[in-house]
Amino acid sequence: MSEVIWRNAYMKKAQRTNARDALRKVITPGSRVFFSMAASQPQTLLNALADDHDFYRDVEIVNIYLFADHPLAKPGMESEPLPIVKTEN
């Protein structure tokens, strides 16, 4: 199969989406999202999360070190901690 034919067949099957929609599909309430340090952080995804932060409730973001201006560390991005509920067995 020539490269042009293969590429056209792939593009017909491929689902294209933007970062916001992709994140909304996989990050659900109760999720914990871990970002690695420094250069390994996907800036497009970080910015999409920050821009759409009102959508994400009960989602924990875990980050080890903040070396630069981090879009999720701006004032107003924090939330109230959830209460710990004890259940009896």
Practice problem: To the nearest 0.5 Å, tell me how far I61 CD1 sits from I27 CD1. | Solution: 6.0 Å

Self-check item: Minimal non-hydrogen separation, R20 against Y56, with atom names
Solution: O-OH, 4.3 Å

Quiz item: Atom CG in D58, atom CZ in R32: separation rounded to 0.5 Å?
Solution: 11.0 Å

Exercise. Looking only at non-hydrogen atoms, find the nearest pair between V59 and V33 and report the distance.
Key: CG1-CG2, 4.1 Å

Quiz item: CG/N47 to CG/D52 distance, rounded to the nearest 0.5 angstrom?
Solution: 12.0 Å

Quiz item: Hey, what do you get for CG (L23) to CG (L49), rounding to the nearest 0.5 Å?
Solution: 5.0 Å

